[in-house]
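Shown next, in structure tokens, is the structure this report addresses.
Quick caveat, the model's predicted, so the values are computed rather than measured.
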Amino acid sequence: GINAEYGGASEQTSPALAVNGEGCTVPHSVRLNITVVGSVNIHPLLSIIKQDFPGELVEYSLQDYYGGLGRIQTLRFQHVLYMPMTHVTDRTTKECFQAMLEHCEGSRSAQQLVACIERGAPERPSLVRTLQFLGFKAVTFVKHPRLVPRNNKLIFMLYWIYKEEELVTVDP
């Protein structure tokens, strides 16, 4: 996998060195690990999407010296990242999500993020509201057949990680 430094110091500290004489904690590094994974233990929603969009399964996990700070399973097809939002057993933390978005924008590895939500999930209404608040827009197969599969059991919401800058002409 690929390691991307994310904030903090650039080196790991041993537990013995983690606290200095003043009782202040020395910052330790936080690392975003990006791994292309096999189809074992894949989220069922990603299996469904992979049938129409045969991309690679990419896992983002944020870790510091003491362990995991969250993990996100995605499917990357062309420059689109598909992310299941329901029945997620991993700790999908805000920090891991933010680190993933920052990495994708900085490396240009993915331009769009598609959140995949099961229509029948009890958390669907609040999830949709939260995603709309964050700038996600609902997309359908009818309007975006090259972006999302035809599936009545799923709701898809699109977020632009970055857009190509347009040249703006300024009159003198």
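W160 and L101 are members of different hydrophobic clusters when ILVMFWY side chains are connected at heavy-atom separations under 4.5 Å. Both V114 and F77 belong to a common hydrophobic cluster when Ile, Leu, Val, Met, Phe, Trp and Tyr are linked at side-chain heavy-atom distances under 4.5 angstrom. Under a hydrophobic-cluster definition in which Ile, Leu, Val, Met, Phe, Trp and Tyr are linked whenever side-chain heavy atoms come within less than 4.5 Å, directly or via other members, L62 and I34 are assigned to the same cluster.
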Side-chain donor-acceptor contacts of residues 44-53 below 3.5 Å, not counting sequence neighbours, with atom names and distances?
from: K50; atom 1: NZ; to: G55; atom 2: O; distance (Å): 2.6

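Taking every heavy atom of both residues into account, R119 and L154 meet most closely at NH2-O, 3.6 Å. Across all their heavy atoms, M83 and M100 have their closest contact at SD-CE, 4.0 Å. Contact detail for Y162 and A110: the closest heavy-atom pair is CE2-O, 3.4 Å. Pairing each heavy atom of L127 with each of M85, the nearest pair is CD2-O, 3.4 Å.
Here the side chains of V37 and V58 are not in contact, with every heavy-atom distance at 4.5 Å or above. Side-chain atoms of V128 and M157, non-hydrogen and from C-beta on, do get closer than 4.5 Å to each other. Residues S29 and Y65 fail the side-chain proximity criterion, which asks for heavy atoms closer than 4.5 Å. No side-chain heavy atom of S61 sits under 4.5 Å from any side-chain heavy atom of L32. For the pair L113 and F97, the minimum side-chain heavy-atom distance is below 4.5 Å. Residues N151 and F141 have side chains not in contact (no heavy-atom distance under 4.5 Å, counting atoms from C-beta outward). Contact of the L57 side chain with the S39 side chain is registered, since non-hydrogen atoms from C-beta on lie closer than 4.5 Å. At least one side-chain heavy atom of L147 sits less than 4.5 Å from a side-chain heavy atom of L158.
Remark: T74 OG1 to L81 CG distance equals 4.0 Å, nearest 0.5 Å. A distance of 14.5 Å separates NE2 of H103 from CD of Q98, quoted to the nearest 0.5 Å. Interatomic distance, H144 NE2 to K137 NZ, rounded to the nearest 0.5 Å: 12.0 Å. Annotation: the span from I72 atom CD1 to H43 atom NE2 amounts to 12.0 Å, rounded to 0.5 Å. One distance of note links CD1 of I161 with OG of S109; it measures 7.0 Å at 0.5 Å rounding. In this structure, OG1 in T130 is found 11.0 Å from CD in E123, a value given to the nearest 0.5 Å.
In this structure, T86 contributes its side chain and E118 its backbone to a donor-acceptor pair below 3.5 Å. Remark: side-chain polar atoms of Q63 are not paired, donor with acceptor, to backbone N or O of G70 under 3.5 angstrom.
Cation-pi geometry between R71 and Y60 is not satisfied (NZ or CZ under 6.0 Å from the ring centre, within 45° of the ring normal).
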Could you please spell out the steps behind the side-chain contact (heavy atoms from CB on, under 4.5 Å) verdict for I117 and L131? CA-CA 11 Å; I117 304 162; L131 290 172; 3.6 Å; yes
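Annotation: salt bridge (Lys or Arg N to Asp or Glu O under 4.0 Å) contacts of E56 (sequence neighbours excluded): R76. Taking the ring pair (Phe, Tyr, Trp, His ring centres under 6.0 Å) definition, one finds that Y159 meets it with F136, sequence neighbours left out.
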